[in-house]
Amino acid sequence: MAWPTRNNTEDKLRDYLKRVTTDLRQTRHRLTPTWRRGAHEPIAIVATACHMPGGVAQP
């Protein structure tokens, strides 16, 4: 079994960080038009609830 060398570990970490950075940039690029378009649209919050008295768990 070969132990990881410092350079090998650093190279793997550097490659991983480059991939993650690229993925983040691509995601930001895809989301920017959606985010800008949504900044001027109203937000609707819709909720419903049901409470049965007397400890009833189901209707």
Side-chain angles (χ1 to χ4, degrees):
M1 179 173 143
W3 292 98
T5 62
R6 181 175 181 182
N7 287 340
N8 187 19
T9 303
E10 289 175 357
D11 290 342
K12 285 183 179 183
L13 178 60
R14 188 177 302 110
D15 290 342
Y16 173 76
L17 291 173
K18 286 179 182 179
R19 284 195 318 269
V20 170
T21 302
T22 300
D23 289 347
L24 287 172
R25 285 182 181 146
Q26 289 172 350
T27 301
R28 182 185 300 162
H29 181 72
R30 285 194 319 260
L31 290 176
T32 298
T34 304
W35 176 77
R36 286 186 180 151
R37 182 178 62 239
H40 303 291
E41 295 180 8
I43 298 173
I45 300 173
V46 180
T48 61
C50 180
H51 176 72
M52 300 291 208
V56 176
Q58 297 181 24

With sequence neighbours excluded, tell me which residues meet side-chain contact (heavy atoms from CB on, under 4.5 Å) with Arg28.
-> Thr32
Taking only residues two or more places apart in sequence or in another chain, which ones pass side-chain contact (heavy atoms from CB on, under 4.5 Å) with Thr27?
-> Arg30, Leu31
Report the residues that fulfil side-chain hydrogen bond (donor to acceptor under 3.5 Å, both in side chains) with Arg14, sequence neighbours left out, ordered by chain and then residue number.
-> Asp11
Distance in Å, Asn8 CG paired with Leu13 CG, rounded so as to fall on 0.5 Å steps | 11.5 Å
